[in-house]
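Reading through the structure tokens given below for one structure.
By convention in this document, chain letters (A, B, ...) are assigned in the order of the sequence lines, proteins followed by strands, and residues within each chain are numbered from 1.
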2 protein chains.
Amino acid sequence: MTVAKPPMRDALVAAAFRLFLERGYEQTTVDDIVTLAGVGRRSFFRYFPSKEDVVFPDHERCLADMTEFLARGGDEHDPVTRVCDAARLVLRMYAENPTFSVQRYRLTKKVPGLRTYELSVVWRYERALAEYLRRRFAGRPDGTLRADVIAAAVVAAHNNGLRSWLRSDGESDASAEVDHALAHVQRTFTPGAGPEPAQDVEDVVVLVSRRGAPMWRVVQEIEATLDRRTD
Amino acid sequence: MTVAKPPMRDALVAAAFRLFLERGYEQTTVDDIVTLAGVGRRSFFRYFPSKEDVVFPDHERCLADMTEFLARGGDEHDPVTRVCDAARLVLRMYAENPTFSVQRYRLTKKVPGLRTYELSVVWRYERALAEYLRRRFAGRPDGTLRADVIAAAVVAAHNNGLRSWLRSDGESDASAEVDHALAHVQRTFTPGAGPEPAQDVEDVVVLVSRRGAPMWRVVQEIEATLDRRTD
DNA sequence: GAACCGGACGGCACTGAGTTCCCCGACCAC
DNA sequence: GTGGTCGGGGAACTCAGTGCCGTCCGGTTC
């Protein structure tokens, strides 16, 4: 929407993080921030509806991107794949500013108020995914239930990978971590493995398993078999 | 912990809800509440660390119950079953006061601040489940990932059933709703169906499936087969 | 040029949540 | 009695967030 981003907004974010890092979030007042940034107190709240918002300056934009990504088409793809790709949009935002993301992670880990705020943001992502899946699953038995569960699983997997990357101070491969986690979810929920069922392969898969084998091994085996067939 | 519950706490909750319902949450100040309850302002914050807490007076207790439930044993049961049972503890708390729960549901639906607060509470439940599963899955490949995903799925399913019940104004069968939702999750994640693998049944299961069949159907079929075998 | 106007910014005063400090009265021990 | 302390009350404070209004600045219109 806003084409030119006001430099004042960035100045406020920079000033805020400087202070947050050197004396802590709760020990920093909004007055401190605006004084350091050299602007009026009222202007802070023009750009950020609350003190917490300055810690997550780009989530609103990212949420809009995700909503748009899910809104425009994509119905020819597998729904689970689609929401996984949507989740990767969030990762991309984090990965664009690794040092910033790591600093923010350390902040949110320490400050309960920021954790809570982050939860509300994550919840909105999850709702966006769930709403999309509900549309795709409309009519199926337990459609909304499936949608909610898959959305929650995708978000949990994404966060698992993301946090693992953040804990490594941005040293590990963020995409690899999240891809691995999302693949796990996709393996659990995707009906059929391949992107498009190949036409010239056998129509039947036979699985032989020892009784009592863990289900995840069974699923893994089915996946592997299907993958081999579609090669 | 606290054996005798102070009547003052209940008086504050009652006064708060009367005012919240007749003029709204944000239109009610803490001073209004303490005036109606006939106590000092300071006493309110002695019992509730924040204004939001008065809306969820029993969650702290319930969270402690769940933590204790997961802490003491239960390791002979299937982990997924165990966390599903833990989730049912929360449902029980809601079901104990249906009218109160429905009123609170309507409040949290309208007031964003309360939604956020509720999220932080739900998050703590989810973390309790995830920590338990992480212990149970310790050593397995992707143990923490599986733990996080399953915990998220269980919470999502529980909330799906719970909300469905709350939207019915407490008229429907809460347990049935949640049981159905949790069964869905259990079907997705449980390694093997029966409680204990019987010793005198066949050691091998053969599944024949059409290529491209939805994974949930495949899993369902495996489950059904295993159930038949353990009868 | 002057008058006009709309948007960005600053200053101030206000509400209300949450905290700190201190008070009081009750109840108990000695 | 004196000395505890424990549950509660209350004044005063900090700070986030809001409303109102003033100012300044760039561009228009006459």
Side-chain angles (χ1 to χ4, degrees), chain A residues 1-17 19-20 22-57 60 107-108 110-121, chain B residues 1-20 22-57 60 107-108 110-118 120-121:
Chain A
M1 296 297 175
T2 317
V3 285
K5 55 178 176 180
M8 188 168 177
R9 201 185 139 90
D10 299 343
L12 283 168
V13 173
F17 266 80
L19 293 172
F20 291 165
E22 62 184 46
R23 60 171 106 155
Y25 177 80
E26 282 156 330
Q27 282 65 44
T28 305
T29 72
V30 174
D31 290 282
D32 296 335
I33 300 171
V34 296
T35 304
L36 179 59
V39 301
R41 169 184 169 74
R42 199 65 187 79
S43 295
F44 180 93
F45 290 104
R46 257 189 270 275
Y47 286 98
F48 305 99
S50 80
K51 187 185 168 190
E52 284 107 348
D53 280 287
V54 81
V55 182
F56 306 91
E60 209 62 37
L107 266 183
T108 55
K110 287 191 199 303
V111 184
L114 290 180
R115 250 196 304 114
T116 301
Y117 185 88
E118 193 182 34
L119 283 174
S120 76
V121 177
Chain B
M1 296 298 176
T2 317
V3 285
K5 54 178 177 180
M8 189 169 176
R9 202 184 138 90
D10 299 343
L12 282 168
V13 173
F17 265 81
R18 267 196 49 191
L19 293 172
F20 292 164
E22 63 185 45
R23 61 172 104 155
Y25 177 80
E26 283 156 329
Q27 283 66 44
T28 305
T29 73
V30 174
D31 291 280
D32 295 336
I33 300 172
V34 296
T35 304
L36 179 60
V39 302
R41 169 185 168 76
R42 194 63 190 78
S43 297
F44 180 92
F45 290 104
R46 255 191 273 274
Y47 286 98
F48 305 99
S50 79
K51 186 185 169 190
E52 284 108 348
D53 280 287
V54 81
V55 182
F56 306 91
E60 211 62 36
L107 266 183
T108 55
K110 287 190 200 300
V111 184
L114 290 180
R115 250 196 303 117
T116 301
Y117 185 89
E118 193 182 34
S120 76
V121 177

For A:Leu12 and A:Ala37, work out which heavy atoms get closest and say how close.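 Heavy-atom minimum between the residues: CD2-CB, 3.9 Å.
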
From [atom1] of [X] over to [atom2] of [N], roughly how many Å is that when rounded to an integer?
X: A:Phe45; N: C:dC14; atom1: CZ; atom2: C1'; value: 14 Å
X: A:Phe48; N: D:dT18; atom1: CZ; atom2: P; value: 14 Å
X: A:Glu52; N: D:dG17; atom1: CD; atom2: C1'; value: 11 Å
X: B:Arg46; N: C:dT20; atom1: CZ; atom2: C1'; value: 12 Å
X: A:Asp31; N: D:dG17; atom1: CG; atom2: C1'; value: 12 Å
X: B:Lys51; N: D:dA16; atom1: NZ; atom2: P; value: 18 Å
X: B:Tyr117; N: C:dA17; atom1: OH; atom2: P; value: 15 Å
X: A:Glu26; N: D:dA16; atom1: CD; atom2: P; value: 11 Å

Looking only at the side chains, is there a donor atom on one of B:Ser50 and B:Asp53 sitting less than 3.5 Å from an acceptor on the other?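 Per modelled atom types, B:Ser50 and B:Asp53 side chains form a pair under 3.5 Å.
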
Is there a donor N/O on one and an acceptor N/O on the other, under 3.5 Å, for the side chain of B:Arg41 and the base of C:dG16?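 Check fails, no donor-acceptor contact within cut-off.
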
Does any donor-acceptor pair link the side chain of A:Arg42 with the base of D:dG17 at a separation under 3.5 Å?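 Between D:dG17 and A:Arg42, which were checked side chain against base, a qualifying N/O pair under 3.5 Å is absent.
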
Base, sugar-phosphate, or nothing: which does A:Tyr47 touch, judged by heavy atoms less than 4.0 Å apart?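 Result for A:Tyr47 = sugar-phosphate.
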
Here's one to test your reading of the geometry: is the NZ or CZ of A:Lys51 within 45 degrees of the ring axis of A:Tyr25 and under 6.0 Å from its centre?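 Judged by the rule, A:Lys51 and A:Tyr25 form a cation-pi pair.
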
Among the nucleotides C:dA17, C:dG18, D:dC15, which one has an atom lying closest to any side-chain atom of A:Thr29?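 The closest nucleotide is D:dC15.
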
Quick one: are B:Phe44 and B:Val54 in side-chain contact, heavy atoms under 4.5 Å?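 A side-chain contact exists here, since the closest heavy-atom pair is under 4.5 Å.
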
